[in-house]
Amino acid sequence: MKKINIIFFSILFCGLAGCIKETLPTQYVLDSQIKASESALSGMVNSIYTIMAGYSNNDGGVEEISYSSMRAMLDHGTTEMVCSGCNGYNTMGAYCYGAVSAHGSNRGLYPSYLYYAYIKNVNDIIGMINVKDMDDTQKGYLGICYAFRALYYMDLVQIMEYKTPTDSRYDYVKPENDLTNLGVPIVTEKTTSAEASNNPRATVDEVYDLILSDLGKAEKYLADYKRTDKTQPDIAVVYGLYARAYTNLASRINISVTYKDENTYWKNAKEYAEKAITTSGCTPLSESEWTDPINGFNNRNSQNSWMWATSISENNTTASSTGSFVFAMIFGTETNFSSYGWRVGRSLDRKWYERLSDNDFRKKSWLAPNFFYESTNQIEGGAYLVERDGNGNFINNKWSKNGDNTSQTQSDWSNDYSGLGTEKYKYHLNSSASWIRSRINLSYGFQSWPWLYVNIKFRPHNGDYNNYEVGGATDFPIMRVEEMYFLKAEATLHTSGTAAANKALEEIVRTRNSSYVCNAGNPADFMNEYIFQKGIEFWGEGINYFDSKRLETGIHRGYLGTNCERYQHCLDMDGVFAGWTPGWNQAELNANHALYHYNNPYTSPSTYYYYKSNDEFRPYYGCDITKNN
């Protein structure tokens with residue numbers, strides 16, 4: 001009989017879908033006991049949601065991390081994600097510049113540990129349900145597991161598939177063997193221990209065979225399923241996963257051996273995206289929902305666009321307050337949880353911020369330079385005025401009461417703010433302007449101050465920026481309906497042409513900027529605008545990492561006027577970025593001999609640094625980008 005370790009269940013089961021109603025007799029429960037106990041099986045299904053809220057592996061060196069924080073960590077390897085603060089506190093910094101060897105950086109270990117832990121969890125449940133003798137409840141459980149397994153393998157194969165870097169300016173370490181079209185070892189409920197110890201990397205095609213098979217089963221078993229919580233997938237989510245899968249397949253026909261029908265995949269992607277939109281009943285976030293300081297991007301029930309979510313309940317203090325990766329802490333410009341969050345200053349790239357229209361309410365997610373510094377001599381409607389003394393120090397700042405722009409004392413700072421743009425928008429804060437200014441300044445390592453563009457997109461739960469236990473208990477969107485609109489627009493480009501794609505992109509972006517017009521005249525121009533708009537929409541949510549690698553957009557933070565804090569992050573690499581693909585952890589390499597000589601290679605970031613010292617770019621903070629590059 002199988003023995004399933006569920007020691008953590010009693011701690012984490014309460015909350016989302018009720019508690020187990022019986023006392024489990026020991027640390028372990030036999031699968032035969034679970035089959036005979038509906039509440040125990042329900043508890044196993046609940047464990048899917050709880051393990052996504054927090055997973056750790058002390059033996060592997062994996063700190064407590066959630067699915068949301070893993071996605072955030074990946075997004076650090078994109079152009080638009082800049083860390084403008086003190087990166088000595090950045091626990092995710094390895095992904096900022098590609099130091100993700102599973103040997104050299106324990107951050108590179110995380111994907112292969114985390115996702116296979118998720119996969120094992122659903123495999124165990126699938127193996128316990130007899131498809132020939134199951135009721136409607138068990139049918140729903142099975143559909144849930146297949147949907148999650150499709151998600152996990154789709155994420156993991158995109159992360160671990162090796163793509164050869166394409167920028168010829170740099171030299172790269174080559175793989176020991178040809179890795180073309182190789183994905184990840186497949187482990188299902190039928191995989192034996194002997195098979196797992198000699199389990200080669202399946203082709204990406206074979207992984208998608210499994211993904212599409214799992215989605216077919218999820219579609220079947222969830223057809224009439226009525227979920228009770230957004231942490232559970234439903235049929236609309238399955239359609240959304242299909243839209244993702246077919247978009248990925250259409251984008252890799254030049255690599256694939258068996259998936260070659262590009263036109264059909266784009267057609268399917270569009271149809272499934274439309275079905276997901278219609279079936280979900282979700283609508284794009286409004287400005288009030290997006291900028292809500294209490295519930296903004298942290299509450300699955302108040303955010304109508306969310307189709308699928310993870311959740312950390314307030315009583316789950318382990319997931320909400322343990323380790324370096326609590327999501328609300330990572331993005332917490334306001335939060336007082338840890339220096340590993342606010343001091344890092346997760347920000348939007350300056351070029352992206354300046355390109356984004358002032359009429360787009362998403363721009364309110366990042367604090368403008370004049371929030372931190374505005375000259376007393378600033379002319380309303382005039383160019384942004386910056387005044388310095390003979391030593392280069394900022395002077396005449398309206399918001400500094402005593403002229404010390406490095407003060408860490410809150411009372412030295414004003415709570416006034418003249419506002420963003422012509423509408424004089426005042427940011428909706430949980431704290432205050434003086435609280436943020438006393439921390440987000442040069443004395444704490446924000447070298448590009450005031451050109452920082454630090455985020456306030458992700459708010460602490462209930463707006464509580466002081467207490468981990470409450471503020472850290474946030475929800476995270478695995479899937480938002482806005483993604484379906486973007487996938488529909490991309491698919492429209494390939495099925496109906498540029499003009500039709502322009503209209504499809506306008507459909508979603510006009511919900512953010514009512515005057516938006518897309519005038520792309522060819523597919524390349526459309527994709528440039530598409531990548532930008534989608535990148536703004538999903539900043540920090542992990543979607544942009546997958547798009548960057550799929551579309552081979554490169555990473556472009558190396559320019560004069562950047563808001564990067566250190567030269568190691570000022571990268572400029574076209575096409576495939578070498579730092580997008582981590583290696584396999586050593587434990588897996590040791591245990592699975594078929595994998596050992598097919599690991600992803602690691603190129604040291606020092607070989608592709610664009611600048612060699614901070615002195616090459618720091619003097620240009622705030623310069624006119626168009627004139628200096």
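Just so you know, these numbers come straight off a predicted model, no measurement behind them. The figures here come from the full heavy-atom set of this structure, side chains too, leaving out hydrogens, waters and symmetry mates.
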Just how far is it from atom CD of Glu507 to atom OH of Tyr485, taken to the nearest 0.5 Å? 5.5 Å
What pairs with Arg149 under side-chain hydrogen bond (donor to acceptor under 3.5 Å, both in side chains), at least two apart in sequence or on another chain? Asn123, Glu189, Asp214
Could you go step by step and tell me if Asn295 and Asp292 meet the side chain to side chain donor-acceptor pair (under 3.5 Å) rule? CA-CA 6 Å; Asn295 297 305; Asp292 182 353; 3.2 Å; yes
Between Lys549 and Glu161, does any NZ, NE, NH1 or NH2 come within less than 4.0 Å of an OD or OE carboxylate oxygen? no
Determine whether Ser47 and Asn121 satisfy the following criterion, side chain to side chain donor-acceptor pair (under 3.5 Å), listing intermediate values before the conclusion. CA-CA 8 Å; Ser47 74; Asn121 207 34; 3.1 Å; yes
Compare every heavy atom of Ala53 with every heavy atom of Ser311, then report the nearest pair and how far apart it is. O-CB, 3.6 Å
Apply side chain to side chain donor-acceptor pair (under 3.5 Å) to residues Glu274 and Thr278 and explain how you reach the verdict. CA-CA 6 Å; Glu274 290 173 335; Thr278 302; over 6 Å; no
Salt bridge present between Arg300 and Asp229 (N-O < 4.0 angstrom): yes
Please report the closest heavy-atom contact between Ser112 and Asn585, naming both atoms and the distance. OG-ND2, 2.8 Å
Listed by chain and number, what are the side-chain hydrogen bond (donor to acceptor under 3.5 Å, both in side chains) partners of Arg512, not counting sequence neighbours? Glu482, Glu537
With sequence neighbours left out, the residues meeting side chain to side chain contact (heavy atoms under 4.5 Å, CB included) with Glu289 are Leu285, Ser286, Gln303, Asn304
Who are the side-chain hydrogen bond (donor to acceptor under 3.5 Å, both in side chains) partners of Ser66, not counting sequence neighbours? Ser68, Ser69
Nearest heavy-atom approach of Ala72 to Phe327 is CB-CE1, 3.8 Å
Can you tell me if Tyr116 has over 12 outside heavy atoms packed within less than 6.0 Å of its OH? yes
One thing to verify: whether Glu271 and Lys267 come together as a salt bridge, which I'm taking to mean a side-chain N less than 4.0 angstrom from a carboxylate O. yes
Is the NZ atom of Lys260 crowded by more than 12 outside heavy atoms at less than 6.0 Å? yes
Return the set of residues passing side-chain hydrogen bond (donor to acceptor under 3.5 Å, both in side chains) with Asp155 (not counting sequence neighbours), or none when no residue passes. Tyr67, Tyr115
dist Ser56:OG -> Ile65:CD1 (nearest 0.5 Å) comes out at 10.5 Å
May I ask you to decide if Arg107's main-chain N or O and Tyr95's side chain share a donor-acceptor pair within less than 3.5 Å? yes
Is Lys120 salt-bridged to Asp124, cutoff N-O under 4.0 Å? yes
Using a 6.0 Å cut-off, check whether atom CG of Asp224 has over 12 heavy atoms from anything other than its own residue. no
Which pairs of donor and acceptor atoms, one on a side chain in residues 204-213, lie under 3.5 Å apart (sequence neighbours left out)?
unit_1, atom_1, unit_2, atom_2, d
Asp205, OD1, Arg252, NH1, 3.3
Asp205, OD1, Ser256, OG, 2.9
Asp205, OD2, Asn181, ND2, 3.4
Asp205, OD2, Ser256, OG, 3.1
Asp205, OD2, Val257, N, 2.9
Asp205, OD2, Thr258, N, 3.0
Asp205, OD2, Thr258, OG1, 3.2
Glu206, OE1, Thr203, N, 2.9
Glu206, OE1, Thr203, OG1, 3.4
Tyr208, OH, Asn248, ND2, 3.0
Asp209, OD1, Tyr259, OH, 2.4

Under 3.5 Å, side chain of Glu195 to main-chain N/O of Thr192, donor-acceptor pair present? yes
Please determine whether side chain to side chain donor-acceptor pair (under 3.5 Å) holds for the pair Asn57 and Tyr55, giving the CA-CA distance in whole Å, both sets of side-chain angles, and the decisive distance to 0.1 Å. CA-CA 7 Å; Asn57 186 318; Tyr55 165 82; 3.2 Å; yes
